[in-house]
Amino acid sequence: MSDPSPTRVLVTGAGGPAGIAVLRSLALRDDVELLAADMDRYASGLYLVDAPARHLVRPGLSEEFVDHLVELCERERVDVVFSTVDVELPRLAAERKRLDAVGTTLAAPSLETLEVCLDKYALARRCTDVLPTPRTELLGGTDPGSWDYPVIVKPRRGAGSRGVHLVEDADSLRALGSDEDVLVQAHLPGDEYSVDTLADADGHVVAAVPRSRLRVDSGVSVAGATVADAELEETARRVAAAVGLVGVANVQLRRDAAGRPALLEVNPRFPGAMPLTVAAGVDMPSLALDLALGRPLPATVPFTELAVVRYLEDVFLAPGDVVLEETGR
Amino acid sequence: MTTAVGELDLLLTDHHVHSTWSDDAVSSPMENLVAARDTGLASIRMVDHVRTTTTWVPGFLAEVAALPRIDGLEVLTGVEAKILDASGRLDVPDDLVVGPGGVDRILIADHQFPGPDGPWSPRRTLEEMATGLTGQDALDILVTATVRAMGRVGRGQLAHLFSLLPKIGLHESALCDDHLAAIADAAVRSGTTVEVNEKWRCPGPRVVLALAAAGVPLVGSTDSHECSTVGRYSWVSDAASATRLVGTR
Ligand SMILES: [Zn+2]
Ligand SMILES: [Zn+2]
């Protein structure tokens with residue numbers, strides 16, 4: 001029996017660039033009805049959908065987050081949910097069955113994939129025999145005298161550039177103590193790339209689109225370009241295979257001293273710079289929706305080389321149409 | 001020409017308005033009240049979602065009771081709960097009080113298909129229909145569960161009746177007259193109102209006319225969870241004027 005009603009898709013993290021990118025892409029499909037959610041009533045992406053489709057959710061770290069999202073999905077008859085928030089993803093993936101039970105498919109990689117990607121130490125160990133991976137050790141378990149300096153020090157878990165810094169010598173590294181949640185990683189000298197990678201239900205990579213970040217402002221890429229480079233694409237494919245990727249992830253690579261692309265980290269979600277990849281020919285949100293709906297994907301989707309500059313955009317509303325401050329309780 | 005249905009023109013009612021007591025809604029009861037006044041409603045029912053484990057109903061009722069009175073605007077309360085299974089059991093707390101001292105009505109919702117062994121998701125229902133359950137069987141189960149739920153509740157309100165059908169590949173046109181008669185009869189006997197729902201655009205004109213003809217009180221419903229949509233009808237007003245439930249405006 002066919003389902004003639006439109007597919008209802010909920011996008012969480014509607015205030016972030018990734019949420020907005022997913023909303024914008026899916027808005028172009030006439031078989032989709034979009035709902036947007038965020039914990040913040042001023043999240044701009046809420047205002048890209050009709051008023052009845054705007055929802056507030058609990059913070060991703062709060063105890064009730066999953067219960068409330070499952071109930072929301074049930075009441076709103078959500079067919080597919082896209083979470084673009086790091087802290088929500090593993091919690092939702094762990095309770096995928098509860099979403100399934102109310103008829104909602106989570107469009108996200110498996111919990112196993114998320115866990116290995118979100119733990120950068122586990123990721124480095126997983127990949128070190130499979131592809132070029134910089135030496136990575138726990139701060140507490142390494143001999144500062146054994147490194148070539150500078151080295152990179154960063155949190156074992158967490159996304160973005162928060163807490164990432166260069167350490168110039170062994171004394172400075174020693175001074176950082178022995179925190180088990182901090183990593184030491186060899187500093188690679190070459191150029192850095194973000195590769196948006198989509199794998200189908202069998203783990204076959206449908207597209208790997210490398211992007212160079214020409215300018216980064218507060219961790220957000222404001223100018224970039226897609227780069228056709230078979231070696232970068234192939235490296236991302238091997239990363240996808242190593243982590244068992246099904247769905248979309250953003251693979252961060254950097255060239256080592258020999259010029260080979262090596263793995264920095266994997267963000268197992270949609271990046272904020274996704275619009276460039278979409279414009280270059282690979283509409284990953286739309287393909288990820290087809291994947292979530294169990295529809296076949298093309299074997300490969302080609303992309304063109306394209307550059308982008310980005311700017312902030314305004315959404316104008318009548319004052320009464322802004323989701324109001326809660327005054328009830 | 002206006003055909004009187006119930007006590008009020010249904011476009012002057014909004015009997016399904018959610019507030020911040022529902023997890024994902026964004027407006028408070030006060031904001032919804034002001035919106036109802038500003039759109040010129042004569043009657044608003046404030047409704048929030050419950051399940052068996054819900055404990056906040058007394059707090060919700062106290063907040064609504066403390067709202068300022070507005071001349072010409074009736075304020076009613078309700079809780080919305082899904083039908084859990086084919087027996088018409090509802091997902092409401094055991095200690096829920098309906099009537100004096102409690103909520104005015106329970107809104108009976110088809111959020112999931114009421115299967116014989118508990119709620120079925122639309123996907124599960126489609127799977128059952130691919131392996132033997134016919135469309136007529138599914139409609140029989142749904143209608144029977146709805147009738148039983150009305151009997152259990154006493155004073156209920158059917159929320160977005162038949163909104164589930166498109167999700168399980170069915171359409172209201174597949175309902176037979178007996179289905180409609182069973183719903184209408186149970187609604188009249190139990191004093192259940194039936195809403196015409198703007199958000200889910202249901203039930204359609206045939207069902208609405210059959211219920212109206214049987215004397216079932218019909219009310220308008222936006223199913224709002226944001227005050228900017230309280231009492232704002234387009235589909236419902238078109239449907240209502242096309243079926244001459246209200247005069248053209
Ligand atoms: Zn409902
Ligand atoms: Zn509702």
Side-chain angles (χ1 to χ4, degrees), chain A residues 1-8 10 12 33 35-43 46 49-58 62 64-65 67-79 98-105 293-294 317-329, chain B residues 18-32 34-35 38 49 51 53 56 59-60 63-64 67 80 82 109-113 118-127 129-130 135 138 160 163-171 198-200 222-229 232:
Chain A
M1 177 101 28
S2 69
D3 182 352
S5 64
T7 302
R8 292 173 65 81
L10 173 67
T12 73
E33 232 165 68
L35 298 85
D38 201 278
M39 56 181 275
D40 175 7
R41 53 176 44 80
Y42 296 116
L46 291 176
V49 301
D50 296 334
R54 297 169 195 157
H55 299 273
L56 293 184
V57 290
R58 300 297 162 107
S62 79
E64 323 98 322
F65 169 74
D67 288 351
H68 287 204
L69 197 79
V70 170
E71 287 172 27
L72 171 62
C73 287
E74 177 183 62
R75 293 195 296 262
E76 291 295 326
R77 306 191 195 292
V78 172
D79 295 297
R98 285 178 62 196
L99 286 165
D100 275 336
V102 299
T104 306
T105 302
L293 293 170
L317 305 158
D321 288 343
V322 177
V323 174
L324 288 165
E325 206 67 56
E326 181 175 337
T327 56
R329 270 177 289 171
Chain B
H18 293 293
S19 77
T20 41
W21 291 90
S22 285
D23 305 324
D24 57 296
V26 291
S27 299
S28 67
M30 183 64 186
E31 287 158 355
N32 290 329
V34 169
D38 292 349
H49 294 111
R51 51 196 309 124
T53 51
W56 48 254
F60 161 68
E63 182 170 339
V64 175
L67 291 173
E80 179 178 5
K82 70 170 177 283
D110 58 349
H111 292 150
Q112 302 272 275
F113 183 83
W120 292 358
S121 70
R123 194 180 306 149
R124 163 95 194 268
T125 312
L126 286 165
E127 283 163 15
M129 290 169 73
H160 45 68
S163 66
L164 178 68
L165 296 188
K167 278 287 165 204
I168 59 172
L170 296 173
H171 185 264
E198 176 73 31
K199 177 173 174 180
W200 299 99
T222 58
D223 212 339
S224 288
H225 60 277
E226 193 188 51
C227 61
S228 68
T229 57
R232 306 272 177 92

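Letters go in sequence order (proteins before strands), and every chain restarts at 1.
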Note to self: Report which part of V102(A) has an atom under 4.5 Å of a heavy atom belonging to chain B: side chain, backbone, both, or neither.
What the structure shows: both
Next item on the list: For the pair E226(B) and R41(A), find out whether any cationic side-chain nitrogen is under 4.0 Å from an anionic carboxylate oxygen.
Entry: no
Notebook entry, point to check: Can you name the side-chain contact (heavy atoms from CB on, under 4.5 Å) partners of A25(B), sequence neighbours left out?
Noted result: H18(B), S22(B), H225(B)
Notebook entry, point to check: Is E80(B) close to R75(A) at the side-chain level, that is, under 4.5 Å between some pair of heavy atoms?
Noted result: no
Checklist line | Contact origin within D50(A) toward chain B - heavy atom pairs under 4.5 Å | finding: neither
Check: At a heavy-atom separation under 4.5 Å, does T229(B) approach chain A through its side chain, its backbone, both, or neither?
Finding: side chain
Checklist line | Salt bridge flag under 4.0 Å for residues D79(A) and R123(B) | finding: no
Next item on the list: Under the side-chain contact (heavy atoms from CB on, under 4.5 Å) rule, collect the residues that match up with S163(B), sequence neighbours excluded.
Entry: R77(A), D110(B), H160(B), W200(B), C202(B)
Check: What's the shortest heavy-atom distance between S5(A) and P166(B), and which atoms?
Finding: OG-O, 3.5 Å
Item checked: Contact origin within T104(A) toward chain B - heavy atom pairs under 4.5 Å -> backbone
Notebook entry, point to check: Where does A51(A) contact chain B at under 4.5 Å (heavy atoms): side chain, backbone, both or neither?
Noted result: both
Margin query: So which atom in S121(B) and which in G103(A) form the shortest heavy-atom distance, rounded to 0.1 Å?
Written below: CB-N, 3.4 Å
Notebook entry, point to check: When rounded to the nearest 0.5 angstrom, what is the spacing between NE2 in H111(B) and CD in E71(A)?
Noted result: 11.0 Å
Checklist line | Leading residue by heavy atom contact count with chain A [cutoff under 4.5 Å; candidates K199(B), H171(B), R51(B)] | finding: R51(B)
Checklist line | Structural part of E76(A) lying under 4.5 Å from a heavy atom of chain B | finding: both
